[in-house]
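Shown next, in structure tokens, is the structure this report addresses.
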Amino acid sequence: MKEEERGRKEVVVVLVGPPGSGKSSFAEAVVGGSTAGRHWVRVCQDTIGNGKAGTKIQCLKAASDALKEGKSVLVDRCNLEREQRADFVKLGSTLHADVHAVSLDLPAKVCISRAVSRKGHDGNLQGGKAALVVNRMLQKKETPLLTEGFSRIMCCNDDGDIKKAVDLYNDLGPSDSLPSGVFGQKSKRPVQVGIMKFLKKADASSVETSSGPKLALTEIKPAQQNPLPKQENVEAGFACPMEVEKGLNDKMENEEHAKESDYCDVGSRTLAFPSISTADFQFDLDRASDIIVDTAANFLQKFDNIRLILVDLSEKSRILSLVKQKAAKKSIDSNRFFTCVGDITQLHTRGGLQCSVIGNAANWRLKPGGGGVNAAIYNAAGESLQHATKKCADALRPGTSVVVPLPSTSPLRQREGVTHVIHVLGPNMNPMRPDYLKNDYTRGSKILREAYNSLFENFASIVQSYMGKQNSESGAEKSASGGTSPNDTKMKREDSHGSERMKKHKLFQPIMTAKQQHECTKVNAPNCHDDAMTSSAVPSQTRQVDNKRNDVVTSKTWGSWAQSLYELAMNPEKYKNSDSILETSDEYIVLKDLYPKAKRHILVISRMDGLDSLADVKKEHLPLLRRMHSAGVKWAQKFLEEDAALEFRLGYHSVPSMRQLHLHIISQDFNSASLKNKKHWNSFTTSFFRDSVDVIEEIEQNGSTTTSTDEKVLAMELRCHRCRSAHPNIPKLKSHIAICKSSFPSHLLQKNRLLSSTMHMDRT
DNA sequence: GTTCTAGAAC
DNA sequence: GTTCTAGAAC
């Protein structure tokens, strides 16, 4: 107990590296060499089963036991994929430990040569087999990210780095903690890139080269308050440095040396915010920068002694350079409004910036995830932000914002001193996202302006409430009447609603349920949706006429969510920057499936308007079908060159969920977290999945495909696609298919229905 | 197509 | 108490 009072905190170090990268040596060196009194336990999957290889579950149990006994843990397993690490991160944070990643990024050939040559290895991985395994594993490696929940990530690129890391952990006393952030990463690429999303346009701000004058960038020191036990390691932390404009340096120096009370004060009057709508929502950067500068300038005129910081991850951020130029032109005081390159969730620990309030580019449901700033903030703030948000609002309308006070338990509050998050929803110019404005910049600009105004006004309310509290605590408040700002806070109020806004509960935007929000959007923005996207407002028959589809009459109606592939097929040029698109031709687009149901799962999407599904396919479409098939085979062959262990099927869903004819090319491992339910499984492993070769043959013979395929097969029992054994639920099925080595049913071995590296492939 | 969640199954 | 599914909403 005494130790807890001194602030002792256990650490979970998740080692990340392939066989031969030195994980075990690292773990042993830390366990055996700890000089500072911290008790380390090595949890090694290769030996956890009475000296033999065990399971991840055993490792989790051992780690949990150790933490509960007040020991720190080294997780000695490969942990190369995010999913493999996630449970350990979760365990650590649940048990209030610091969770670190140490990524052993030695060159592949070094790992292979070590793995090949070693004898008597714990995991029995040695000899020639090791080379194959290491190579395969490295292909799947996902670099650890702070957004996964690590508070600290160390990348070791050579033995020297590893030695430094070992020393660091050896010297870590029971009450010491290491600074947060990413250390030693080779690339200068920002660490918090968003989770890859379907067709998410690469953030223009991080791709484009700044056309503006080159910023004078200066590294700033981390804040003094952050205990940094080892200076040399701190320096390593600036492999992806937080940088600010040179002109601010004086300001920062002041901040660092200010008295504690002043220090807090600066922070409590600072709002850091990301650019709204310019990343995933694809709002034009030039227009957005005008609006940011304009709304910020207006706001600063109304309020003195308040500070706004526009934050973006990328050094090459175009939105930052545009805003900087335009702010300079307007002669806005650069001490009160400036731009900052860095991670908005680490402004204090990595940038030394004091900032109590941060803006979040939220989604309308106010849910975590989605990538980008939203994911980063929710990850950094922990679950308590979700709960706190839920208490404040269910949903957000474009152009509005909502203040969420951060609970004191939130890591973002504890580590960074953030007291409030303001969720903002801006206008959307991305057809793949809700409330798409169809390039209507009149409306979009208005909404973006409203969004920033709402953000700033809410921020002002927080500051005023804080000032009011400060003053009443110090007895400086002159009168309680109306609660307007006392003069000594230098806050100026112009509008007549000032006193209204002082009542905190009135400051929030109207809180609506999801349903109300939906209706509200429809009323307020009748032109908001693409007609073809609106499923409820327009009868489906009408839509079919509008859709140039007079010649085709099908009973199928498509929900708004089912339009993505159609939208892509009709306008591929809009998504040309997406990493998900593998190939584009006049006839088809090859796309990585957003939610792959196997290691490799891509779609060949026809671009022919009116061809929604197999039901629409006629003889005249045969050449197209054959070319789509060939494209699929070509990609399958490419994947087989990369991994000869895969096997592929090419086929269509009898009744697809997404509009626009698309051919699935899917590897038969079905090893994917996105494969979650019976429908997923049965849609690829029963008669619901129509092999491309059979579809082509059937059209050749009959002129159309049979329409009798029943969706009932989707509800059938779960059977292994190889040995046909039945399984009670998805998790058990997945465990089975991971080990089933039976050959495929005989009909799949005919007519090239199954493509593998060992088979001769005839192109249809 | 996914997400969310109540309640069934274990 | 936890895991898992199925149905509704989007």
Side-chain angles (χ1 to χ4, degrees), chain A residues 57 60-61 64 87 90-91 94 195-200 363-371 374-375 378 383 386-387 389-390 394-398 425 428 431-436 512-522 528-530 532-537 556-569 580 591-598 601-603 605 612-613 652-664 666 672-684 688-689 711-712 714-718 726-736:
Chain A
I57 291 164
L60 282 163
K61 171 86 170 51
S64 168
D87 289 331
K90 196 174 160 193
L91 174 75
T94 308
I195 297 155
M196 186 52 197
K197 274 295 205 180
F198 179 48
L199 289 182
K200 181 175 175 186
N363 51 52
W364 76 271
R365 285 184 205 240
L366 295 167
K367 297 289 181 199
N374 188 60
Y378 270 101
E383 269 185 30
Q386 284 178 55
H387 298 142
T389 300
K390 221 169 187 176
D394 288 336
L396 215 53
R397 182 159 45 89
L425 185 65
N428 169 35
M432 312 302 263
R433 298 279 176 255
D435 294 322
Y436 169 47
M512 292 177 282
T513 64
K515 202 175 171 184
Q516 284 168 325
Q517 190 273 347
H518 187 66
E519 275 156 16
C520 185
T521 306
K522 267 194 267 175
C528 219
H529 294 84
D530 185 319
M533 297 251 193
T534 314
S535 53
S536 51
K556 177 99 181 171
T557 56
W558 304 93
S560 57
W561 44 262
Q563 305 288 345
S564 306
L565 301 182
Y566 174 76
E567 164 65 26
L568 170 68
S580 300
L591 178 76
K592 285 190 210 169
D593 197 293
L594 168 62
Y595 299 97
K597 305 300 184 292
H601 183 187
I602 62 169
L603 307 175
I605 306 160
D612 286 347
S613 70
Y652 299 86
H653 283 156
S654 297
V655 186
S657 298
M658 304 289 279
R659 177 184 177 193
Q660 198 66 13
L661 184 73
H662 55 280
L663 172 66
H664 292 266
I666 184 163
S672 165
S674 296
L675 197 158
K676 291 176 176 171
N677 60 44
K678 190 177 262 188
K679 187 177 174 184
H680 290 155
W681 178 253
N682 284 335
S683 72
F684 289 103
F688 191 84
F689 189 82
E711 288 185 68
K712 273 183 193 159
L714 295 177
M716 280 190 347
E717 63 198 344
L718 297 166
H727 298 269
N729 55 44
I730 289 287
K732 291 210 165 64
L733 172 77
K734 287 178 108 172
S735 311
H736 168 79

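Every chain is numbered from 1, with letters handed out A, B, ... down the list of sequences. Computed from a predicted model, the values in this text were never measured in an experiment. The figures here come from the full heavy-atom set of this structure, side chains too, leaving out hydrogens, waters and symmetry mates.
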Would you kindly give the CD1-to-C1' distance between A:Ile730 and C:dT3, to the nearest whole Å? 13 Å
Just jot down the side-chain contact (heavy atoms from CB on, under 4.5 Å) partners of A:Ser672, sequence neighbours excluded, or say none. A:Ser674
Report, as a single string ordered 5' to 3', how protein heavy atoms within less than 4.0 Å touch nucleotides 4-10 of chain B: B base, S sugar-phosphate only, - not at all. SS-----
Quick one: A:His727 NE2 to C:dT3 P, roughly how many Å, whole number? 21 Å
Take atom CG of A:Leu718 and atom P of C:dT3, then tell me their distance rounded to the nearest Å. 19 Å
Calculate the interatomic distance between A:Gln563 atom CD and B:dT2 atom P; express it in whole Å. 16 Å
Taking CG from A:Asn677 and P from C:dT3, how many angstroms apart are they, rounded to a whole number? 18 Å
Pairing residues for A:Lys61 by the salt bridge (charged side-chain N to carboxylate O under 4.0 Å, His left out) criterion, not counting sequence neighbours: A:Asp65
Does A:Lys676 have any side-chain contact (heavy atoms from CB on, under 4.5 Å) partners at least two apart in sequence or in another chain, and if so, which? A:His680
In this structure, how many angstroms lie between the C1' atom of B:dG1 and the CH2 atom of A:Trp561, rounded? 6 Å
Does A:Leu714 reach the side chain of A:Ser683, with side-chain heavy atoms less than 4.5 Å apart? yes
When you check the phosphate oxygens OP1 and OP2 of B:dG1, does a side-chain N or O of A:His680 lie under 4.0 Å from one of them? no
Can you check the A:Phe684 CZ to B:dG1 C1' distance for me, whole Å? 11 Å
Suppose we screen for side-chain contact (heavy atoms from CB on, under 4.5 Å). Which residues come up paired with A:Lys367, at least two apart in sequence or across chains? A:Asn363, A:Arg365
Please report the distance, rounded to the nearest Å, between CG in A:Leu733 and C1' in C:dT3. 16 Å
Sequence-distant partners of A:Asn374, side chain to side chain donor-acceptor pair (under 3.5 Å), two or more places apart: A:Asn360
Taking any heavy-atom pair under 4.0 Å as a contact, classify A:Lys679: base, sugar-phosphate, or nothing. nothing
